[in-house]
Amino acid sequence: MKPCIIETHGLSYSFGKRQVLQNLELRVPQGAIFGFLGPNGAGKSTTIRILLGLLPVPEGQVLVHGQDLKYNRLDILHRTGALIEMPSLYRHLSGHDNLEMHRRMVRAPKSRISEVLQIVGLAADAHRKTKEYSLGMSQRLGIALALLADPELLILDEPTNGLDPSGIREVRELIIRLNQAYGKTIFLSSHLLSEIEKCATELAIIDKGETLYQGSLQQLYEGAFQSNVLHLETSNNAIAHKLLSDHQYQLLPHSDDVLAVQVQDKQQVATLNRFLVVNGLEVYRLSTHTQNLEELFLNITNREAEKHIHSSKL
Amino acid sequence: MSSLIYYRSSLSAEALKLKNTFSLWLAILAPCALVSMYVLAFWSKGEHLLREGANPWYAFAMQIFGIYTILLMPIFIALLTSLTNGIEHKSNGWKHLYSLPLPKSSIYAAKATTVIGLVLLSNLIFVCAYLAGGLFLSVVRPELGFEQMVGLEAVYVTVVKMLLATFMIIAIQFWLSMRWSSFALSMGVGIVAIVTVMVAMRWEHIHYYPFAYPFVSIRQFAAGKEVIRVFTQEVVLSLGGGLLVFILGYFDIARKRIS
């Protein structure tokens, strides 16, 4: 088990009487792209504000880089870069000046400015005023700001919010590159499931301040859910059922005239089809049904599948 | 020691932030505009503005001081503080600043220093503009008697007093503009200050009213008395009160949740 860069123990938070977080247990392993997923109002932003020391930790414990946030706020922030929603750019200054100002505050070496500009691909636009920047460029400059102090951990709150598809892609590719080429651990919050699905290695799903799922993306697909289900109609379903279950296929409960089989990939569908045909059955219909993260997510947050996850996790 | 490093890095960042901003230009242009208006007035109607035998430099200073302390100063400070802190309100900057590895106190102190520095800068420019204006008048209107530069110490001391007397106003406006993003609030308070000082100018307890400190601080000069002492009552009150407001302001800001 890799060491955790962020650990929360029984983190609870309330604004007045409204409970925002309940017993949140997060484990962000080092080197991961950790997707922090939840619908709007689930408590994502509150969690991030707590992680950055903007809100006090009233109950529970928060460890970042193995240090207690309550007592080592500055040390932790030294090793953490953050982009909260929209980057806070000073619009009257150029991209370079924004970085220089930030550099003075985090006391990074001067050479670091051109390095981060290179990383986010803004070297050519460094001397333009940031009010002329597109949203995607602003967002990348925001990430450059977060990178200045060369932190091990990047906390990005909805970094693709409001971007057009190409902007989203630029930012996503940047995030993946930062993780793979520069070894940064990235804590990525989003309500865009497709985003998390495309780059996260680990994820947590929260709703109403509670963790609903936490683990790797792989596990989420494999363990808890029917990710790829093949629906079959044959000339004799009873025989098909027997044949398939004898050959270690995983059959799922379904209605009488349709069989549902769990498959891993396309290849397996072809193999299965051939197998049935060779055994003298006629196949009338083969259709795959993929449940993507979007559906999983809605299921989870709608609490329909909640019991299912809990039981399968145990 | 380390807090000094933090403070210095915050301050140098704040200084860079002023680049191309209106507040920097305001600090430079406001005193110049004021002085040049009076230069024009003396140029065209100087003979009506001077009494026979009086020091023209004093008369020139007095005219400017009057408007400066009562009208310009409250608005000017309100503008400066709300512009300086407005940069952060506008660009979602507080969240960002407080998530940097800097103690809140150094961020606060650096901001406060910036605002005070701007007021100081504009007072320096004010003195320069005043001297330049007077010398210009000595060339274009030699009969007004501006070539004899005597007794200017009294003017310098009064400017220092005036500057120190604005300390409490700066502190109050600084807190208001940091706490609330509304530009109208700062300006409203500034305008209320002007009106109340104008109305209550002759009230016997006016020297306890913070917004009247700058005005009270030039009274001695206006009355033609000798001005040597810097730390008169209103100056001490302004410094003490201002410091208190700055400190209380800090505790209020530090305790505020950032959302």
Side-chain angles (χ1 to χ4, degrees), chain A residues 13-16 20 45-46 48-58 64 69 72-94 96-108 129-131 138 141-142 145-146 148-149 151 154-155 157, chain B residues 1-27 82-111 113-114 178 181 251-259:
Chain A
Y13 193 85
S14 50
F15 283 114
V20 188
S45 294
T46 307
I48 286 182
R49 272 167 210 155
I50 290 172
L51 290 176
L52 292 171
L54 293 173
L55 294 173
V57 184
V64 185
L69 184 65
N72 304 292
R73 190 178 77 96
L74 290 181
D75 269 356
I76 289 170
L77 291 180
H78 255 298
R79 300 163 64 189
T80 308
L83 170 62
I84 315 168
E85 291 157 22
M86 295 303 292
S88 60
L89 301 178
Y90 300 101
R91 297 284 170 191
H92 60 281
L93 296 174
S94 68
H96 182 275
D97 282 343
N98 266 289
L99 284 165
E100 169 61 20
M101 196 200 64
H102 197 89
R103 183 198 70 80
R104 292 182 189 183
M105 289 194 276
V106 299
R107 292 173 302 283
K129 283 198 182 166
T130 52
K131 59 180 146 207
S138 302
L141 185 61
L145 290 172
L148 264 179
L154 278 180
I155 295 181
D157 188 7
Chain B
M1 188 54 212
S2 67
S3 60
L4 196 66
I5 297 172
Y6 284 132
Y7 171 69
R8 273 183 45 197
S9 44
S10 304
L11 190 59
S12 74
E14 287 298 328
L16 179 61
K17 219 178 277 180
L18 284 178
K19 192 171 153 183
N20 307 332
T21 54
F22 180 55
S23 44
L24 184 60
W25 284 110
L26 183 71
S82 55
L83 283 173
T84 314
N85 285 327
I87 296 177
E88 309 302 341
H89 289 302
K90 204 168 60 184
S91 61
N92 180 16
W94 293 118
K95 240 186 268 179
H96 183 72
L97 275 182
Y98 289 135
S99 65
L100 291 175
L102 291 167
K104 285 183 179 176
S105 54
S106 81
I107 295 170
Y108 183 86
K111 279 252 172 249
T113 314
T114 313
M178 204 161 188
S181 60
F251 285 113
D252 179 57
I253 301 292
R255 154 189 91 75
K256 195 185 163 196
R257 292 171 168 190
I258 319 283
S259 49

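Here is how names work: the chains are called A, B, and so on, in the same order as the sequence lines, proteins then strands, and each is numbered from 1.
When heavy atoms are compared at a cutoff of 4.5 Å, A:R107 approaches chain B solely by way of its side chain, counted from C-beta outward. Both the backbone and the side chain of A:L74 come within contact range of chain B, with heavy atoms under 4.5 Å apart. Proximity to chain A is absent for every atom of B:L11, based on heavy atoms less than 4.5 angstrom apart. A:R73 touches chain B through its side chain: at least one heavy atom from C-beta onward sits under 4.5 Å away, while N, CA, C and O do not.
By the side chain to side chain donor-acceptor pair (under 3.5 Å) test, A:S14 is found to be paired with no residue, residues two or more places apart in sequence or in another chain being considered. Residues passing the ring pair (Phe, Tyr, Trp, His ring centres under 6.0 Å) test with B:Y108, sequence neighbours excluded: B:F174, B:Y250.
For the atom pair CG (A:L54) and CG (A:L77), the distance works out to 8.0 Å, reported to the nearest 0.5 Å.
Under 3.5 Å, the side chains of B:T84 and B:T114 contain no donor-acceptor pair of N or O atoms.
The candidate with the highest count of non-hydrogen atom pairs below 4.5 Å against chain B, out of A:E100, A:R91, A:H102, A:R104, is A:R104. Annotation: maximal heavy-atom pairing with chain B below 4.5 Å, among A:R103, A:R79, A:H78, occurs at A:H78.
Under a 3.5 Å cut-off, the side chain of A:D97 and the backbone N or O of A:L93 do not form any donor-acceptor pair.
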